[in-house]
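Here's the structure we're looking at; comments come further down.
Chain A is the first sequence line, chain B the second, and so forth, proteins listed ahead of strands; every chain is numbered from 1.
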Number of protein chains: 2
Amino acid sequence: MGLRERKKERTKTALLDAGIDLFLSQGYEATTVDQIAAEVDVSTRTFFRYFSSKEEVALCLPAEEQEAFLAALAERPESESPFTALVRTGRARLALLRELDETDASRLLKVQRLIQTTPALVASRMRLIVHNERRLLAEVARRQGRCPADLRAQLVVSVFLAMTMACYGDCPQDPAALAGRYESLLALAEDSLRPGWDLPAPDQAGPDPAVADPAVADRPAGEAAKVVVG
Amino acid sequence: MGLRERKKERTKTALLDAGIDLFLSQGYEATTVDQIAAEVDVSTRTFFRYFSSKEEVALCLPAEEQEAFLAALAERPESESPFTALVRTGRARLALLRELDETDASRLLKVQRLIQTTPALVASRMRLIVHNERRLLAEVARRQGRCPADLRAQLVVSVFLAMTMACYGDCPQDPAALAGRYESLLALAEDSLRPGWDLPAPDQAGPDPAVADPAVADRPAGEAAKVVVG
DNA sequence: TGTCATCTGTCATCGCGTGACATAAATTGC
DNA sequence: GCAATTTATGTCACGCGATGACAGATGACA
């Protein structure tokens, strides 16, 4: 790796760290791009050559994590059911947090704290997650042997994402607490879901049950509700 | 209602309609606030007195719907389980779509199409939804007699929101298709969830099982997974 | 060393959003 | 109907985020 690339990398992490620290100390909105650039002693224009937006400073790490998650998911054995594969991938990623460089780990925790305390960034991370939902869905549908429009595939992804978001819900603190929260939610899901719920229905062999019969919506309100009341 | 208020209301809906139409015809990003204001023949500054941002033009209707949803949820009978109350409220709101003024209905459908075809707006709507999650959670927890930090309450809300988002997932088209999709997802949820899953666990009487034992996270990866593999 | 590619700074520009202030309009009281 | 008050609107100025264009500085390579 040449001097040039090393210099670039140093500048990028310098901007990243400066940005995160400024965001945390004086607030995300109150911090201007000019300030970040000045801190690293580069021009504002140069800042935008490293980060496409101010937001990206706060979200590039989570974005990378998502990429890594998708890559890891793709390598889970086919024998695992879709939801199991998702859950185990999540657990593996979580475990990776603990064997991290001290500076990298603290950076990640800072970013977590930052996002958590900034409504605009919470929304942005949500956007990230939703943006990747499509790819997650594709992988789940592939494992189920269905098309991505399959409602059950969507349900599996939605439930998993719901769990993930609920995980972010409170306390970032330390990786251990996060993992604990993750496992608690998992146990709860086990209590709530029927075994095999994430496997494709064996009776319907067709590859496209995506659009359901709209006539079902004409049922009176009180009638269809029993399906979930139990 | 005085002349003044009528005039204001007319200006607001004029800006709203002009904005939606311009967004749809030439794209959201490509449309400037100046254009919208010019279309209604008011100054740019005045536009911002009616809408706090360009985004709000596209999202004020969904925002109002969310408020209405929360109000309707609060009035569901206590006898309904949390998830049932959520589902029936959703169904009732969906039914309301059909008895709407022609111009209001077409506006709503336009907004749906607009959001669906604009990634930035999809994200923004997601932000709206997440922003209201807290209030939804409060109501669910109240019905369960638990605190909002209760994981089961969070699961209930998450599953419901996941269903809602999956509903938005594809085809806006007509209200009937939307309702059909809603009911299909509902039926699928019935297949996947155990009866009574949304009721508070009877054994744990304490009001605060929010934070789980972090020690559980120390289990080897392969062991805890069986809880969902079944 | 000299040539080439690439990174960087400066400048200009656009769009979104806001505060301040003056003007025009509607509302109220007489 | 007219004056006094309230309130909506327009104009101006400004800050911030983001982008394109161009010239100069710096590392890469023969």
Side-chain angles (χ1 to χ4, degrees), chain A residues 1-16 18-20 22-23 25-60 63 114-115 118-121 123-125 127-128, chain B residues 1-16 18-60 63 114-115 118-121 123-125 127-128:
Chain A
M1 185 189 284
L3 177 96
R4 205 166 209 149
E5 294 186 46
R6 270 185 290 128
K7 206 170 181 182
K8 272 177 67 177
E9 195 163 339
R10 264 193 294 126
T11 305
K12 174 143 192 172
T13 67
L15 283 171
L16 183 60
I20 292 173
L22 282 172
F23 291 160
S25 64
Q26 54 181 357
Y28 175 74
E29 278 88 6
T31 303
T32 69
V33 172
D34 289 16
Q35 285 179 313
I36 304 174
E39 194 80 12
V40 187
D41 212 62
V42 296
S43 72
T44 306
R45 192 63 183 88
T46 294
F47 170 91
F48 283 108
R49 291 198 175 98
Y50 283 93
F51 297 94
S52 64
S53 69
K54 173 177 162 181
E55 192 188 87
E56 200 190 341
V57 174
L59 290 184
C60 65
L114 169 63
I115 296 178
T118 311
L121 291 180
S124 302
R125 178 172 53 186
R127 173 160 52 86
L128 248 190
Chain B
M1 182 189 285
L3 175 90
R4 206 169 210 147
E5 294 186 47
R6 271 184 291 128
K7 206 170 178 179
K8 273 178 66 177
E9 195 164 333
R10 262 193 296 126
T11 305
K12 175 143 190 171
T13 68
L15 283 171
L16 183 61
I20 293 173
D21 287 341
L22 281 173
F23 290 160
L24 277 177
S25 65
Q26 54 181 0
Y28 175 75
E29 277 88 5
T31 303
T32 69
V33 172
D34 289 15
Q35 284 179 311
I36 303 174
E39 194 79 14
V40 188
D41 213 63
V42 297
S43 73
T44 306
R45 192 65 184 86
T46 295
F47 170 91
F48 283 110
R49 290 196 176 99
Y50 283 95
F51 297 94
S52 63
S53 69
K54 172 177 161 181
E55 192 187 87
E56 200 191 341
V57 173
L59 290 185
C60 64
L114 171 62
I115 296 177
T118 311
L121 292 180
S124 303
R125 178 171 54 187
R127 173 160 51 87
L128 249 190

Check: So which one's nearest nucleotide on DNA chain D is more toward 5', A/R45 or A/D34?
Finding: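 Per heavy-atom nearest nucleotide, the more 5' residue is A/D34.
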
[X] [atom1] - [N] [atom2] separation (whole Å):
X	N	atom1	atom2	value
A/L22	D/dC16	CG	P	14 Å
B/K12	D/dT9	NZ	P	12 Å
B/Y28	C/dC16	OH	P	9 Å
B/E55	C/dG15	CD	C1'	15 Å
B/Q35	C/dC16	CD	P	9 Å
A/R10	C/dC7	CZ	C1'	14 Å
A/L3	C/dT8	CG	C1'	15 Å
A/F51	D/dA18	CZ	P	13 Å

Quick one: is [N] close enough that its OP1 or OP2 comes under 4.0 Å of any side-chain N or O from [X]?
X	N	result
B/T46	D/dG10	yes
A/K7	D/dG27	yes
B/K8	D/dA8	yes

Checklist line | Shortest non-hydrogen contact between A/I115 and A/A58, atoms and distance | finding: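 The answer is CD1-O, 4.0 Å.
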
Item checked: Least distance between heavy atoms, A/F51 atom then A/C60 atom ->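 In terms of heavy atoms, the two residues are closest at CE2-SG, 4.1 Å.
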
Note to self: Measuring from the side chain of B/R4 (C-beta onward, heavy atoms only), which nucleotide among C/dT27, D/dG17, C/dC16 has the closest atom?
What the structure shows: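 The nucleotide sitting nearest to the side chain is C/dT27.
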
Next item on the list: Go through C/dT18, D/dA28, D/dT11 for me and flag the one nearest to the B/S43 side chain.
Entry: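 Among the listed nucleotides, the one closest to the side chain of B/S43 is D/dT11.
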
Check: Does A/R49 make a side-chain donor-acceptor contact with the base of C/dG9, cut-off 3.5 Å?
Finding: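 Result: at least one qualifying N/O pair found.
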
Next item on the list: Supply the atom-to-atom distance A/L114 CG to A/F23 CZ, rounded to the nearest 0.5 angstrom.
Entry: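 So the gap between those two atoms works out to 7.0 Å.
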
Notebook entry, point to check: Considering Watson-Crick and G-U wobble pairs with both distances under 3.5 Å, what does C/dC14 pair with?
Noted result: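 Answer to the pairing question: D/dG17, which forms a Watson-Crick or G-U pair with C/dC14.
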
Margin query: Please compare B/T32 and B/E5 by the position of their nearest nucleotide in DNA chain C and report the one closer to 5'.
Written below: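 Upstream on the strand: B/T32.
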
Which part of the nucleic acid, if any, lies within contact of [X], taking any heavy atom under 4.0 Å across all strands shown: a base, the sugar-phosphate backbone alone, or nothing?
X	answer
A/T44	nothing
B/Y50	sugar-phosphate
B/S52	sugar-phosphate

Notebook entry, point to check: Quick one: does A/L15's side chain get under 4.5 Å of A/V57's, heavy atoms only?
Noted result: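 A side-chain contact is absent here, since even the closest heavy-atom pair is not under 4.5 Å.
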
Checklist line | NZ or CZ of B/K54 within 45° of B/F47 ring axis and under 6.0 Å | finding: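 So B/K54 doesn't make the cation-pi contact.
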
